[in-house]
Amino acid sequence: MRQNYTYRGVKGMRDVFPEEARRYQQLEQRARDLFSQYGCGEIRTPLVEHTVLFERGVGQGTDIVNKEMFYVPAKDEEAGPDALRRMVLRPEATASVARAYVEHEIDKTAGGVQRYYYMGPMFRYERPQKGRLRQFTQIGVELLGSPSPATDAEAIGMLFDYLQSLSLGTLTLMLNSVGCPECRPGYIQALQAFARLKHAGLCEDCRARLEKNTLRLFDCKKPECRAVMAQAPNIQSSLCAPCRTHQDQVLLYLTGIGITPKLEWRLMRGLDYYTRTVFEVVSENLGAQNAVAAGGRYDNLVSELEGPATPAVGWSMGMERILELMPAAAPVPMFDVFVVDPGPDTAGTFAHVTFLRRQGVRVGLEHEGRSVKALMKRADKVGARFTLFAGSGADTDRIELKNMASGEQVSLTWDEIAEHIRNF
RNA sequence: GUGGACGUAGCUCAAUUGGUUAGAACGCCAGGUUGUGGUCCUGGAUGUUGCGGGUUCGAGUCCCGUCGCCCACCCCA
C-alpha cells in the first residue's frame with residue numbers, strides 16, 4: 001500500500017476489489033433469496049437525509065447523533081427552513097425507512113403489514129478499529145405495522161436462518177426487553193437509585209452514564225463496574241404486564257421454531273427508539289466490536305416522526321463483520337476459455353471472441369501481444385478450463401481447443417466452440 | 001475525542017552493540033532451440049527504508065515532529 005499518497009482514499013473507507021466484492025455479492029444474494037421467502041421486498045432510501053430525522057428518530061442523547069455524523073454541507077442557494085438545510089450521511093437505515101413510510105403515507109395506500117429489507121452503506125464518524133469502519137455496509141429488515149409478538153419472532157427467525165446458513169462459528173443470540181413508556185421510567189428510576197448508592201464503586205465514565213444514559217451502565221467493560229451492576233435491579237422484574245406477556249409470547253414463538261435465545265437482562269440498546277424486545281447476536285471471534293447483528297421492536301418511532309401509530313420491529317447486521325467470520329471461499333475461475341493469440345494482428349480473433357461472448361461464453365483475451373508461453377501461463381493462473389489457439393496462419397476455419405485439465409486438444413470451428421464448452 | 005503499538009521491494013519478513021553497494025522467500029517479467037500451461041532450472045526488474053528535521057565522522061537502526069495504519073477505550077453493526 002502506497003504511503004503518503006496525495007489522492008488517497010478517506011480514512012475508514014475501503015476499496016473492494018472483485019475477489020472480495022464477490023463475497024459481498026454472495027451475502028447479498030443469500031439475503032435477497034431468503035428475505036423474499038418471508039415476503040419482504042427491497043426498499044432503497046437515500047444515503048443523505050436531513051439531520052433532524054436522526055436527531056428525532058435515533059435520539060438526541062445518543063453518540064451516533066452527537067459525535068458520529070458525517071455532515072453534508074448545503075449549497076447556499078438551497079432554500080427552506082434551517083432544519084431542511086442541515087444534512088448528513090445516514091448512520092443507520094431504520095429511521096429512513098420509517099420516514100419513507102410516513103412520507104409516502106404507506107399506511108393509507110398499501111394497508112397491512114409492510115415488510116422490507118435493505119442493504120447498503122452507512123456512515124459513522126468514528127475512530128476505525130477492528131470491525132469498525134467509517135463507511136460500512138448493513139443488511140437489515142424492517143417489519144412495520146404489527147404489534148404481534150409473532151412478528152418479533154419472525155424477524156428474529158429470519159436473522160437466525162440467515163446467519164445459520166453461513167457457517168460463521170459460534171454465535172450467541174441474546175434477548176431482552178427494555179419495556180415501554182409505561183414501565184421503563186420506573187425501572188430507570190430504580191436503577192438510578194441503586195447506582196447512586198453504589199456511586200463509590202463505579203468508574204468515572206459510569207458516573208457520567210448514571211445521569212445521562214442510565215441504561216448504558218450495563219455496557220461498561222470494567223470488572224469493578226460489572227461486579228457492581230451484577231447486583232443491580234433486573235428490568236425483567238419491572239416489566240408491566242403487557243410487556244411481560246409480549247416477551248413470553250415472543251419466546252414461545254421462538255421455541256416453536258427451534259430458537260432459544262439467551263435471556264440477558266443487562267442487554268440494552270444505544271438507540272432511543274427501541275421498545276420491548278431487543279436482541280443482539282455476538283461472536284467471540286471479532287475482538288472488541290463483537291456484535292454481528294442487532295435489533296428490536298420500535299413501536300413509537302413512526303409516530304415520533306409524525307406518522308400514524310405503527311408498531312414495528314427490525315434489525316440490521318454488519319456485512320463486514322460477517323465477512324470477517326466467513327472463511328474465504330475458493331476462488332472461482334473468471335473464464336471458461338482463455339485465448340492464446342500471440343498476435344500481432346488480432347482483429348480476426350477479437351471478432352470471433354466477441355462472437356463467443358455474445359453466446360454467453362466467458363472468454364479471456366489479452367491484447368498485449370505476449371508470447372504463447374506467457375499466455376498459457378496466464379490461462380493457467382486465471383483457472384480457465386480451456387485454452388483456444390488462434391491467430392497467425394491457422395486462423396481460418398478450424399482452431400485448436402485445449403482442455404487444460406486433461407491436456408486433450410480438439411480441432412473445431414468457431415461455431416462449434418460454444419456448444420462444446422457448454423456440454424463439457 | 002483518549003491511550004498504546006507499528007510503518008523496510010507488489011506481499012511476508014530480515015539487516016550483529018548506529019558502520020560502508022539494504023537482503024531472502026513468494027509473486028512478477030524474460031528465457032530454457034522451432035506457437036502449448038501447471039513442476040523444475042537460469043536470468044532480470046522494483047525500494048529517495050512513510051515524510052520532514054535533529055544527534056553523529058556515519059542512521060533503516062537513536063531523538064523530535066508529522067502523516068498513515070492497527071489495536072484498545074468511548075460507542076456500536
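Because the structure is a prediction, the values reported are computed rather than measured. In what follows, every heavy atom counts, from backbone to side chain, and hydrogens, waters and symmetry copies are set aside. Sequence lines set the chain letters: A, B, ... in the order given, protein chains first and strands last, and positions in each chain run from 1.
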**OP:** Please measure how far the C1' atom in B:A25 lies from the corresponding atom in B:A15, and state the result in whole Å.
**Re:** 15 Å
Original post:
Looking at B:U36, does its base get a donor-acceptor pair with the side chain of A:Lys373 below 3.5 Å?
Top reply: no
**OP:** Would you give the length of the straight line joining atom OH of A:Tyr274 to atom CZ of A:Phe279, rounded to the nearest 0.5 angstrom?
**Re:** 7.5 Å
**OP:** Take atom P in B:A30 and the same atom in B:U16, then report the distance between them in whole Å.
**Re:** 36 Å
**OP:** Answer yes or no: side-chain N or O of A:Glu400 and base N or O of B:U36 forming a donor-acceptor pair under 3.5 Å.
**Re:** no
**OP:** For nucleotides B:G10 and B:G47, find the distance between their C1' atoms and express it as a whole number of Å.
**Re:** 11 Å
**OP:** Determine, for A:Tyr71 and A:Arg86, whether the Lys NZ or Arg CZ falls below 6.0 Å from the six-membered ring centre while staying within 45 degrees of the axis.
**Re:** no
Original post:
Expressed in angstrom and rounded to an integer, what is the separation of A:Asp219 atom CG from B:C73 atom C1'?
Top reply: 13 Å
Original post:
For the side chain of A:Lys381 and the base of B:G27, is some donor closer than 3.5 Å to an acceptor across the two?
Top reply: no
Original post:
How far, in whole Å, is B:G58 from B:G19 if one measures between their C1' atoms?
Top reply: 7 Å
Subject >> Chi angles and distances behind the side-chain contact (heavy atoms from CB on, under 4.5 Å) call for A:Val58, A:Tyr273 >> reply: CA-CA 6 Å; A:Val58 174; A:Tyr273 52 63; 4.3 Å; yes
**OP:** With heavy atoms under 4.0 Å as the rule, sort A:Ala379 into base, sugar-phosphate or nothing.
**Re:** nothing
Original post:
Among the nucleotides B:C75, B:A77, B:G31, which one has an atom lying closest to any side-chain atom of A:Ser371?
Top reply: B:G31
**OP:** Hunt down the Watson-Crick or G-U wobble partner of B:C70, both distances under 3.5 Å, from any strand shown, or write none.
**Re:** B:G4
Subject >> Nearest listed nucleotide, side chain of A:Val372, among B:A30, B:C73, B:U36 >> reply: B:U36
Subject >> A:Asn290, nearest nucleotide to its side chain (from B:C75, B:C73, B:C76) >> reply: B:C76
**OP:** Please tell me if the side chains of A:Phe389 and A:Gln409 come closer than 4.5 Å, counting only heavy atoms from C-beta onward.
**Re:** yes
**OP:** Just name whichever nucleotide pairs with B:G44, Watson-Crick or G-U, keeping both distances under 3.5 Å, else none.
**Re:** B:C28
**OP:** Round to a whole Å and report the spacing from CZ of A:Phe54 to P of B:C75.
**Re:** 21 Å
Subject >> B:C73 OP1/OP2 closer than 4.0 Å to side-chain N/O of A:Lys221 >> reply: yes
Subject >> Spacing of the P atoms in B:C70 and B:C28 (rounded, Å) >> reply: 27 Å
**OP:** Indicate, with a heavy-atom threshold strictly under 4.0 Å, whether A:Arg124 touches base, sugar-phosphate, or nothing.
**Re:** base
Subject >> Rounded P spacing from B:G23 to B:G60 in Å >> reply: 13 Å
Original post:
Quick one: does A:Leu34's side chain get under 4.5 Å of A:Asp161's, heavy atoms only?
Top reply: yes
Original post:
Which is true for A:Ile322 with a 4.0 Å heavy-atom rule: it touches a base, it touches only sugar-phosphate, or it touches nothing?
Top reply: nothing
**OP:** Take the protein atom CG of A:Asn213 and the nucleotide atom P of B:C75, then report the distance between them rounded to whole Å.
**Re:** 8 Å
Subject >> Atom P, compared across B:U2 and B:G7: separation rounded to whole Å >> reply: 23 Å
Original post:
Nearest to the side chain of A:Arg370, which nucleotide is it out of B:C29, B:C67, B:C76?
Top reply: B:C29
Original post:
Given the C1' atoms of B:A22 and B:U8, what is the spacing between them in whole Å?
Top reply: 8 Å
Original post:
Nearest nucleotide by nearest heavy atom, which residue falls closer to the 5' end of RNA chain B, A:Gly318 or A:Gly287?
Top reply: A:Gly287
**OP:** Have a look at A:Glu92 and say if it touches a base, only the backbone sugar-phosphate, or nothing, with a 4.0 Å heavy-atom cut-off.
**Re:** nothing
Original post:
Does the side-chain ring of A:Phe389 lie flat on the base of B:G35, meaning centres under 5.5 Å and planes less than 30 degrees apart?
Top reply: no
Original post:
How is A:Gly140 classified with respect to the nucleic acid when contacts are heavy atoms under 4.0 Å: base, sugar-phosphate, or nothing?
Top reply: nothing
Original post:
Rounded to whole angstrom units, what separation is found between the CZ atom of A:Phe136 and the P atom of B:C76?
Top reply: 12 Å
Original post:
Relative to each other, are the rings of A:Tyr187 and A:Phe218 parallel, tilted or perpendicular (30° and 60° limits)?
Top reply: parallel
Original post:
B:C76 P sits how many Å from A:Glu320 CD, rounded?
Top reply: 18 Å
Original post:
Under 3.5 Å, is there an N or O donor on one side and an acceptor on the other linking the side chain of A:Arg127 and the base of B:C75?
Top reply: no
Original post:
Between B:A30, B:A72, B:A77, which nucleotide has the shortest distance from any of its atoms to the side chain of A:Gln129?
Top reply: B:A72
**OP:** Return the value, rounded to whole Å, for the distance between atom CG of A:Leu286 and atom P of B:A77.
**Re:** 14 Å
Original post:
Is there a donor-acceptor pair closer than 3.5 Å between any side-chain N or O of A:Arg321 and the backbone N or O of A:Leu286?
Top reply: no
**OP:** Please give the nucleotide sitting opposite B:G65 as a Watson-Crick or G-U wobble pair, both distances under 3.5 Å, or none.
**Re:** B:C51
Subject >> Comparing A:Tyr125 and A:Gln138 on RNA chain B - which has the more 5′ nearest nucleotide >> reply: A:Tyr125
Original post:
If you check the A:Lys11 side chain, which of B:C73, B:C69, B:C29 turns out closest?
Top reply: B:C69
Original post:
Taking a pair as Watson-Crick or G-U wobble with both distances under 3.5 Å, which nucleotide is matched to B:U20?
Top reply: none
Subject >> Stepwise salt bridge (charged side-chain N to carboxylate O under 4.0 Å, His left out) check, A:Arg99 with A:Glu49 >> reply: CA-CA 10 Å; A:Arg99 191 222 84 223; A:Glu49 293 276 3; 2.5 Å; yes
Original post:
Just checking A:Lys402: base, sugar-phosphate only, or nothing, at a heavy-atom cut-off of under 4.0 Å?
Top reply: base
Original post:
Does A:Arg269 put a side-chain nitrogen or oxygen below 4.0 Å from OP1 or OP2 of B:A77?
Top reply: yes
Original post:
B:U36, B:G38, B:C70: which one has an atom nearest the side-chain heavy atoms of A:Asp380?
Top reply: B:G38
Original post:
Is A:Pro311 close to A:Arg297 at the side-chain level, that is, under 4.5 Å between some pair of heavy atoms?
Top reply: yes
**OP:** Check whether any side-chain nitrogen or oxygen of A:Arg216 sits under 4.0 Å from OP1 or OP2 of B:C76, and answer yes or no.
**Re:** yes
